[in-house]
Amino acid sequence: MNFKLILHIIAYILVIEATLMLPGTLISLALDETEALHGFVLTIGLVLALAALLFVLTLKVKRERFFARDGLLTTGLTWIIMSALGALPFYFSGEIPSYVDAMFETVSGFTTTGSSILPSVEAMSKGLLFWRSFTHWVGGMGVLVFLMAIVQLGGKNKGFTLHILRAESPGPAVGKMVPRMKQTAAILYWIYVGLTVVNIIFLLIGGMPLFDSLCTAFGTAGTGGFGVKNDSMAGYSPYLQNVTTFFMLAFSVNFSIYYMIILKKFKEAYRDEEFRLFLLMVVIATGLLAWNVRSFYGSMEETIRHAAFTVGTVMSTTGFATTDFDLWPSFSKAIILFLMICGACAGSTGGGMKQVRFLLLWRILRRNIHKSLHPSEVTSVRVNGRVIDEQILVNTQAYLIAYMIIVLGSFLVVSLDGYSLETNISAVLATFNNIGPGLAAVGPTCNFAAYSNISKIVMILDMLAGRLEIFPILILFSKSTWKKAR
């Protein structure tokens with residue numbers, strides 16, 4: 001375990017985090033938001049001091065040995081430390097007086113969950129409101145991916161960036177777009193930035209104010225869903241709602257699809273099985289919801305708009321809302337819960353179990369049934385015409401087991417607070433799948449403030465585990481991890 005290199009990487013991350021707080025600081029300074037400015041300045045000073053200390057302690061770091069377990073540990077520790085420090089502006093300013101609540105809000109931001117403890121979003125200062133939404137954009141692609149794109153840290157170890165990228169990027173496997181992983185990380189971020197800028201332009205064309213456009217685009221790009229209005233997206237025009245629907249779905253697609261399109265490999269992009277499954281589920285779910293809620297709205301256009309937006313916000317795990325879908329019939333809410341679990345595509349900024357895992361699990365089940373009928377026959381699982389490595393299939397099944405254990409365990413703990421079954425199970429699914437709002441007492445018009453600190457801490461861990469694909473968080477609780485770190 002190369003613990004010095006891990007701390008060295010964290011030092012770089014802290015410098016990046018302090019830099020990313022500057023826009024919110026400048027907004028608070030320009031608007032004379034004294035308490036928010038105090039929170040930012042104090043936090044930036046503390047973060048930079050800690051970064052300097054870590055740099056001093058890791059001056060003679062050895063870069064040659066860095067393995068997969070180091071990548072997992074680096075990712076888990078980075079996200080926890082980054083969230084713990086990112087919560088300080090809210091806490092130091094006094095705008096979120098409870099540190100647990102500030103941590104919940106910040107983890108929800110960085111993990112692009114969008115679950116909130118704030119009773120009134122519009123009461124928050126603009127500087128902190130900007131930082132709150134900006135955490136979505138930072139966490140969407142991953143701050144470690146950003147670090148890999150701009151800083152050369154790997155030394156002679158060619159697997160360094162691969163271990164980091166695999167640990168932070170969503171999906172059962174991470175491949176290379178180009179021969180070097182550093183270039184792959186850079187390509188991912190250029191696509192991410194480009195789509196975000198286009199999103200902002202379309203929002204501005206629709207008449208949305210610049211501040212709202214930036215914050216909304218950050219929430220859409222990161223598929224996070226923190227709004228700047230108490231009614232989320234309900235008060236904006238149909239045009240702006242439709243634009244947001246489109247971009248929520250766009251950021252839910254594996255970014256390698258966009259790279260294929262850039263290379264003009266249109267047929268290869270369309271033939272991607274996960275992409276086609278995702279589009280099929282969007283169309284079917286939208287149609288079923290529109291049919292089931294047709295009596296709730298005055299026109300077919302409005303019905304389809306709200307149905308499509310809800311499918312987009314849940315499947316992308318963004319968490320914006322244009323209507324209170326908690327009032328919809330049970331059939332619609334059952335579809336919403338199913339979509340929460342399914343989530344977006346691997347390699348996107350969306351959360352959930354990922355479409356490709358459902359595809360793999362279905363084909364594993366089909367193969368096992370076939371083998372029970374033909375025991376001597378050798379069969380393989382294929383996706384996009386390629387044979388999937390058996391280790392990936394084993395990891396996918398292990399992920400499903402861990403997923404079920406965490407969901408059930410978290411549900412039992414939060415149920416101690418005494419809320420309804422629908423509230424508790426949707427709260428766990430919403431946080432673990434990085435969705436945002438759930439149903440009943442944590443629905444689109446409500447928040448998570450009423451839960452106890454113990455339940456909030458459980459859901460904080462759920463959000464981190466969901467965003468990091470479980471294992472970078474689980475290894476932090478393994479004794480063997482820390483024995484090897486000595």
Side-chain angles (χ1 to χ4, degrees), residues 17 20 24 78-91 95-121 124 128-143 170 215-216 218-230 232 248 313-314 316-321 340 343-344 349-352 406 410 414 423 426-438 441-468 473:
E17 182 173 27
L20 294 172
T78 294
W79 278 72
I80 290 174
I81 293 171
M82 185 174 66
S83 298
L85 295 173
L88 292 177
F90 299 114
Y91 181 66
E95 295 198 25
I96 302 181
S98 165
Y99 181 74
V100 173
D101 283 352
M103 183 71 168
F104 185 98
E105 200 76 12
T106 306
V107 170
S108 183
F110 279 128
T111 60
T112 72
T113 303
S115 301
S116 180
I117 51 82
L118 296 177
S120 176
V121 173
M124 180 166 278
L128 286 173
L129 204 58
F130 182 90
W131 171 240
R132 179 175 176 264
S133 292
F134 196 38
T135 55
H136 278 334
W137 195 84
V138 173
M141 186 56 65
V143 68
C215 292
T216 301
F218 293 152
T220 305
T223 61
F226 276 155
V228 294
K229 302 291 185 183
N230 289 329
S232 188
M248 285 190 298
T313 197
V314 175
S316 68
T317 70
T318 302
F320 286 135
M340 282 184 182
T349 61
I406 292 173
S410 300
V414 302
T423 295
S426 66
V428 170
L429 289 176
T431 50
F432 187 51
N433 291 296
N434 306 133
I435 304 291
V442 290
T445 61
C446 306
N447 58 62
F448 289 70
Y451 274 107
S452 66
N453 282 344
I454 293 176
S455 292
K456 288 173 184 173
I457 291 169
V458 168
M459 287 188 277
I460 284 171
L461 292 174
D462 284 346
M463 288 187 280
L464 288 167
R467 170 59 180 84
L468 299 178
I473 296 299

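Below, each value reflects all heavy atoms present in this structure, side chains not excepted, and no hydrogens, waters or symmetry copies. Keep in mind it's a predicted model, so treat the numbers as computed, not measured.
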Worksheet entry | Tyr451 atom OH, neighbour heavy-atom count above 12 within 6.0 Å | yes
Worksheet item: Once you round to the nearest 0.5 Å, how far does CG of Asn453 lie from OH of Tyr99?
Response: 12.5 Å
Practice prompt. Determine whether Ile96 and Leu118 make a side-chain contact, defined as any pair of heavy atoms from C-beta on separated by less than 4.5 Å.
Written response: yes
Discussion item. Checking the side chain of Ser108 only, and the main-chain atoms of Gly114 only, is there a donor and an acceptor separated by less than 3.5 Å?
Written reply: yes
Discussion item. Under a 3.5 Å distance rule, please check whether His136 uses its side chain to pair with a backbone N or O of Phe226 as donor and acceptor.
Written reply: yes
Discussion item. My understanding is that only one of Asp462, Thr431, Val107 makes a side chain to side chain contact (heavy atoms under 4.5 Å, CB included) with Ser115; could you say which?
Written reply: Thr431
Response to the item:
Ser316 and Ala344 have their tightest heavy-atom pair at CA-CB, 4.4 Å
Discussion item. Nearest 0.5 Å, please: how far is CE in Met82 from CZ in Phe110?
Written reply: 4.5 Å
Item to complete: Step by step, work out the side-chain contact (heavy atoms from CB on, under 4.5 Å) result for Thr113 and Ile435.
Response: CA-CA 5 Å; Thr113 303; Ile435 304 291; 5.9 Å; no
Item to complete: Please examine the side chains of Phe448 and Ser455, heavy atoms only from C-beta on, and report whether any two atoms are closer than 4.5 Å.
Response: no
Worksheet item: Under the ring pair (Phe, Tyr, Trp, His ring centres under 6.0 Å) criterion, do Phe218 and Phe130 qualify, and how do the steps go?
Response: CA-CA 9 Å; Phe218 293 152; Phe130 182 90; 5.6 Å; yes
Worksheet item: Mind checking whether Ser410 and Phe432 have side chains closer than 4.5 Å, heavy atoms only?
Response: no
Discussion item. Rounded to the nearest 0.5 Å, what separates atom OG1 in Thr112 from atom CG in Asn434?
Written reply: 5.0 Å
Item to complete: Report yes or no: does Glu105 contribute a side-chain atom to a donor-acceptor pair with the main-chain N or O of Arg132 at less than 3.5 Å?
Response: no
Worksheet entry | Within-4.5 Å side-chain heavy-atom neighbours: Val442 and Ser426 | yes
Worksheet item: If you take all heavy atoms of Met248 and Thr223, which pair is closest and at what distance?
Response: O-CG2, 4.4 Å
Practice prompt. Measure the CG-NZ distance between Asp101 and Lys456 for me, rounded to the nearest 0.5 Å.
Written response: 3.5 Å
Fill in: Minimum heavy-atom distance between Ser133 and Cys215, given as atom pair plus value
OG-CB, 3.5 Å
Worksheet item: Atom CG of Leu464 and atom OG of Ser83: how far apart are they, to the nearest 0.5 Å?
Response: 5.5 Å
Worksheet, complete the sentence: Closest non-hydrogen contact found for Ser98 with Tyr91 is C-CD1, 4.1 Å
Fill in: Nearest atoms (heavy-atom pairs only) where Ala221 meets Trp137
CB-CD1, 3.7 Å
Worksheet item: Is there side-chain contact between Leu129 and Val121, with at least one heavy-atom pair below 4.5 Å?
Response: yes
Worksheet item: Do Pro89 and Glu95 come close enough that some side-chain heavy atom pair is under 4.5 Å?
Response: no
Worksheet item: Is there a side-chain contact between Phe90 and Met124 (heavy atoms, below 4.5 Å)?
Response: yes
Worksheet entry | Side chain to side chain, Ile460 and Met103, heavy atoms closer than 4.5 Å | yes
Worksheet entry | Pairwise distance CD1(Ile454) to CE(Met459) - rounded to 0.5 angstrom | 11.5 Å
